[in-house]
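Written below as structure tokens is the structure these notes are about.
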Amino acid sequence: MELEGQYDAKKIEDKIYKLWEDSGFFNPDKLPITYNLKPKTFTILMPPANANGNLHAGHALVITIEDIMTRYKRMQGFKTLWLPGLDHAGFETQVVYEKKLEKEGKSRFKMAPEELYKEILQFTLENKKNIEGQIKKLGASCDWSREKFTLDEDIVKTVYETFEKLKKDDLVYRGRKIINWCVKHQTSLSDLETLDVEQTDKLYYLKYGPFVITTARPETKFGDKYVVMHPKDKRYAKYQDGQKISLEWINGPIEATVIKNEAIDMEFGTGVMTITPWHDAVDFGIAEKHKLDKEQVIDFYGKLLPIAGEFAGMKIAEARAKIIERLQSKGLVEKVEENYKHVVKTCYKCNSLIEPQIKEQWFLKMKPLAVPAIKAIESGKIKFIPAHYKKIILHWLKNILDWPLSRQIVWGIPIPASAEATAGKPGEIETFDTWFSSGQWPFATLRTTGKDDFKTFYPTDVMETAGEIIFFWVARMIMLGIYATGKIPFKTVYLHGLVLDAKGQKMSKSKGNVINPLEITDKYGTDALRMGLIMGNTPGQSLALDENKIKGYRNFANKMWNASKFVLMNTTDYKPAKTVKLSATQKKYIKELTALKKEITKLMDEFKFYYAAEKIYHYFWHTFCDKIIEEAKPALAQGSGESRQATQYMLLEILTESLKILHPFMPFITEEIWHHFDSQRSLGAGKKSLLMVELWNTIA
RNA sequence: GGACGCUUAGCUCAGUGGUAGAGCAGGAUGUUUACACCAUCAAGGUCGGGGGUUCGAAUCCCUCAGCGUCCACCA
């Protein structure tokens, strides 16, 4: 087939992907023999995408960056493994599915757990298949024979083994502590799964016996029977710790106890507060320290319990005003501050207010796990790109709190039932936080893909993922990886930023500015999308994705197509000669390209793909096409046999090298063009081969 | 309340001690062995403000301002 017309990505992409896949070279064990010259490995694990929808622009970026790394290293002769995977994504997927149910007028709370699980499983498996196809569309040269899913039997087994080991080492415990409770989703959430939202409320100053206390949440105050002040607060020196005081409260007379505690801020309000240990983390801490009673006031559905007397059964929002009315009628309201700004926690998925609740759950002790992780990072054994993430992750690790592992949802890996966990609570569902399984991804995958994979590929080389999930995922992989294997899970962490719309706005369905990468691919070709995603994209920085920009790279692809067409047209009669008489200028051009390649190689090794891409783009268009090809035209037209041949040699040499350098970035078009030069390619192996496994540096 | 990042051409961003760079957009002209998804040419910035170090700073230090992000148990 001839190179003709304009470049049409649609005509070739699927065909080329199939060619790669059929070659078997995605699998490091099946790489051509030349690769044995360098048995060094290079390993990346694909961050398992959530199997609950379509790939978005962020995924496309992941695939692009990782495929660039993978193809580059593979071409350098490394035994390269890029291991693909998908995540069942526990809570995330359950939320997506619940929304779907809602639209259909159904509710998960009316479904039997087994039935719900079965439905979500089917939904997830469908999405999984769909996403796999989309990953292929983006050109990912990953080893599908090693693909893993977080619900694979052997992965689950590994997760259980880790859990048992943690239990044995006394790092996992069952605790009754304050957790973040999402009333809508009926599950607990980790701190990372909540958002801090500033809100303006009323701040009430209430008379509490001889004191005035402040609260923004009067509805929680029914059971408050401890009044707390700072031990050094002179205003309250006359009150003794443990002193009983009788006073009139919302529903009648009570006896309160004075508690002295340093956690109190003397500057805030009156310097006195009452505590609600069941529904506030600070209060819980004070109650634990002084061994005080804790009483539940609000149930798990956000309704007041019988302790609220006649208010029992009311929802919080409804009850608040009525309670204030009652307090006012009793003369217990001193004053009301109208515009009180404070921060409340919300569920990161549904934005509803988090109700802190005491709930018995599994917790993981993090401090002992964090210590070796901190050491590994501080010593430089794990490097971060960009470097400032080192500070960010260290700060988090050094202040880490225990991790609540249980979720009260069906969709996930069930926590193995044990007598202590299920005592008195038959049928309560408990599954792992999805990050507990993905946190074990590096060793869970490589230990179960057979052969000597763990030995060969662990620790992996690069963990490339979104900066957003550094705590959720990266930190946990480091901790759990070191814990379970004694070795760090990866040497370099490359963190990319968000993909934003053309105006630099965060993409969201409600704003209607979501760019679907598959549509872009359809319109401009995958290579153009990939260039659009990598050019100007520095690690950690967010990227504005402009369709115009992608169009520009589609044009570039066409430029490559046409330049190649030109070279092909003019070299069909090329006969490789033993010696070629290059002119001084031609020698200079080849030298320049060699120098450029060296420069680009260095940039690639430094993970500066944005820069490497720009260099080769600029070179190809403005040096090769605009200068070298233009200047070559006369020699091709009227040059003697010798000068024509030298020119042909030079053009082929430069085109071949350029295609190689461009391949990691634009794999489809480069591979396609490569095959049109089979007969001319005396420079290569002289037989039909894939550009994908051409060596970056030709072996001398 | 802490921490981190950003501020360079109209837009998106590189450059991190030695005479300001790219892509996109915009302007003029043009068609010659590929390409109008093209070529040629021109235009465009006192590198957020101020101060300091240096022979020399966009680049290092201090300070101010604006924007953004993350972390944090102020009732």
Side-chain angles (χ1 to χ4, degrees), chain A residues 3-8 178 191-192 195-196 203-206 213-217 220-221 224 227-229 263-276 280-286 340 342-343 345 356 386-396 398-401 467-468 470-471 497-498 500 502-504 506 524-525 528 531-532 535-538 540-570 603 608 610-611 613-615 617-618 621-622 625-626 629-630 632-638:
Chain A
L3 285 166
E4 53 194 23
Q6 289 187 333
Y7 172 60
D8 186 355
I178 283 258
D191 287 337
L192 290 175
L195 298 172
D196 290 343
L203 184 67
Y204 302 98
Y205 287 68
L206 305 177
I213 59 147
T214 48
T215 184
R217 299 199 61 191
T220 65
K221 296 279 135 189
D224 287 17
V227 58
V228 194
M229 59 214 72
I264 299 298
D265 179 357
M266 288 189 267
E267 306 291 311
F268 189 91
T270 57
V272 182
M273 70 176 199
T274 61
I275 58 166
T276 313
D280 185 284
V282 184
D283 298 3
F284 179 84
I286 294 171
Y340 173 62
H342 65 142
V343 172
K345 283 189 174 194
H388 75 260
Y389 271 104
K390 179 176 170 175
K391 287 188 209 166
I392 295 174
I393 195 170
L394 281 174
H395 181 260
W396 190 77
K398 286 176 180 174
N399 294 289
I400 200 163
L401 299 172
E468 270 187 312
I470 185 167
F471 306 138
L498 256 37
L500 308 172
K503 290 177 195 148
K506 202 167 173 171
Y524 302 107
M531 284 295 271
M535 288 276 255
N537 191 347
T538 34
Q541 221 62 5
S542 57
L543 173 86
L545 189 61
D546 190 343
E547 196 171 320
N548 252 326
K549 190 177 165 190
I550 294 159
K551 209 192 226 169
Y553 299 119
R554 188 270 320 260
N555 295 354
F556 178 57
N558 192 48
K559 189 77 183 175
M560 287 165 65
W561 189 254
N562 276 290
S564 304
K565 189 201 292 177
F566 177 84
V567 174
L568 185 66
M569 246 163 53
N570 285 286
L603 291 171
K608 294 181 178 170
Y610 59 97
Y611 209 5
E614 190 186 306
K615 292 255 180 205
Y617 170 94
H618 196 255
W621 200 317
H622 301 298
C625 294
D626 292 348
I629 287 186
E630 288 308 320
K633 283 176 181 175
L636 291 171
Q638 337 111 18

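Just so it is clear, the values below take in all heavy atoms, side chains as well, and ignore hydrogens, waters and symmetry mates. The chains referred to below are lettered A, B, ... by the order of the sequence lines, with proteins before strands, and numbering in each begins at 1.
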(message) Work out how far the P atom of U32(B) is from that of A28(B), and round it to whole angstrom.
(response) 22 Å
(request) Keeping the roles fixed (side chain from Asn570(A), backbone from Phe566(A)), state whether a donor-acceptor pair exists under 3.5 Å. (result) yes
(request) Could you state the atom-to-atom distance from CE of Met560(A) to C1' of C38(B) in whole Å? (result) 17 Å
(request) Return the orientation label for the Tyr7(A) and Trp561(A) ring planes: parallel under 30°, perpendicular over 60°, tilted otherwise. (result) tilted
(request) Give a yes/no on whether any side-chain N or O of Tyr610(A) is located under 4.0 angstrom from OP1 or OP2 of G15(B). (result) yes
(request) Would you kindly compare Lys391(A) and Glu614(A) by the position of their nearest RNA chain B nucleotide and give the one closer to the 5′ end? (result) Lys391(A)
(request) Can you tell me, in whole Å, how much space there is between the C1' of C64(B) and that of U7(B)? (result) 14 Å
(message) Using the P atom as the point on both nucleotides, what is the distance between A3(B) and A72(B), in whole Å?
(response) 15 Å
(request) Answer with yes or no whether Asp546(A) presents, from its side chain, a donor or acceptor under 3.5 Å of a partner atom in the base of U12(B). (result) no
(request) Could you work out the separation of C24(B) and G52(B) based on their C1' atoms and round it to a whole Å? (result) 38 Å
(request) Could you give the distance separating G2(B) and G17(B) at their P atoms, to the nearest angstrom? (result) 32 Å
(message) Can you tell me if Asn555(A) touches the phosphate of C38(B), counting only side-chain N or O atoms and a distance under 4.0 Å to OP1 or OP2?
(response) yes
(request) May I ask you to say what Asn570(A) touches in the nucleic acid, namely base, sugar-phosphate or nothing, with a heavy-atom cut-off under 4.0 Å? (result) base
(request) Might you work through the side chain to side chain contact (heavy atoms under 4.5 Å, CB included) test for Lys345(A) and Leu195(A), ending with a clear yes or no? (result) CA-CA 5 Å; Lys345(A) 283 189 174 194; Leu195(A) 298 172; over 6 Å; no
(request) For His388(A), check ring-ring contact (aromatic ring centres under 6.0 Å, His included) against everything at least two apart and list the hits. (result) none
(request) Would you mind reading off the distance between Lys565(A) atom NZ and C37(B) atom P, rounded to a whole angstrom? (result) 13 Å
(request) Establish, yes or no, whether the cationic atom of Lys549(A) lies under 6.0 Å from the six-membered ring centre of Tyr553(A) and within 45° of the ring axis. (result) no
(message) So Tyr553(A), base contact, sugar-phosphate only, or nothing? Heavy-atom distance under 4.0 Å.
(response) sugar-phosphate
(request) Look only at the side chain of Asp283(A) and the backbone of Ile275(A), and say whether a donor-acceptor pair between them is shorter than 3.5 Å. (result) no
(message) Generate the contact string for nucleotides 68-75 of chain B. Rules: B means base contact, S means sugar-phosphate contact only, - means no protein heavy atom under 4.0 Å.
(response) --SSBBBB
(message) Give me the distance, rounded to whole Å, that separates U53(B) from A58(B) when you measure between the P atoms they each carry.
(response) 16 Å
(request) Using whole Å, report how far NE2 of His622(A) lies from P of C41(B). (result) 11 Å
(request) Would you indicate what Ser564(A) reaches in the nucleic acid, counting non-hydrogen atoms under 4.0 angstrom: base, sugar-phosphate, or nothing? (result) nothing
(request) Go through the steps for Thr276(A) and Lys221(A) under the test side chain to side chain contact (heavy atoms under 4.5 Å, CB included), then give the verdict. (result) CA-CA 7 Å; Thr276(A) 313; Lys221(A) 296 279 135 189; 3.6 Å; yes
(request) Return the value, rounded to whole Å, for the distance between atom CG of Asn548(A) and atom P of G10(B). (result) 18 Å
(request) Send over the distance from Tyr611(A) OH to C13(B) P, rounded to a whole Å. (result) 17 Å
(request) On RNA chain B, check which nucleotide each of Phe566(A) and Ala544(A) is closest to and give me the residue with the more 5' one. (result) Ala544(A)
(request) Describe the nucleic acid contact of Tyr617(A) in one word from base, sugar-phosphate, nothing, applying a heavy-atom distance below 4.0 Å. (result) sugar-phosphate
(message) How long is the straight-line distance from CG of Leu203(A) back to OG1 of Thr214(A), given to the nearest 0.5 Å?
(response) 5.0 Å
(request) Can you tell me which stems involve RNA chain B, if a stem is defined as three or more consecutive Watson-Crick or G-U wobble pairs, both distances under 3.5 Å? (result) B:1-7 with B:65-71, B:10-13 with B:21-24, B:27-30 with B:38-41, B:48-52 with B:60-64
(request) Using whole Å, report how far CE of Met535(A) lies from P of G23(B). (result) 8 Å
(message) Measuring only between side-chain heavy atoms, which start at C-beta, is Leu192(A) closer than 4.5 Å to Trp396(A)?
(response) yes
(message) Using a 4.0 Å heavy-atom cut-off, does Thr276(A) contact any base of the nucleic acid, only the sugar-phosphate backbone, or nothing at all?
(response) nothing
(message) Rounded to whole Å, how long is the line connecting atom NZ of Lys549(A) with atom C1' of A14(B)?
(response) 12 Å
(message) Is it the case that the base of A34(B) and the side chain of Glu630(A) share a donor-acceptor contact (distance under 3.5 Å, atom types as modelled)?
(response) yes
(message) Tell me if the NZ atom of Lys506(A) is crowded by more than 12 foreign heavy atoms within 6.0 Å.
(response) no
(request) Taking only the side-chain heavy atoms of Asn562(A) (C-beta and beyond), determine which of A34(B), C13(B), U40(B) contains the nearest atom. (result) A34(B)
(request) Please state the P separation for the pair C41(B) and U54(B) - nearest whole angstrom. (result) 44 Å
(request) Could you check how far NE2 of His618(A) sits from P of A22(B), rounded to whole Å? (result) 6 Å
(request) For U16(B) and U29(B), measure between their C1' atoms and round to the nearest Å. (result) 39 Å
(request) Spell out, as yes or no, whether a donor-acceptor pair under 3.5 Å connects the side chain of Lys565(A) to the backbone of Gly5(A). (result) yes
(request) Specify whether Trp621(A) and Phe556(A) have parallel, tilted or perpendicular ring planes, treating 30° as the upper limit for parallel and 60° as the lower limit for perpendicular. (result) parallel
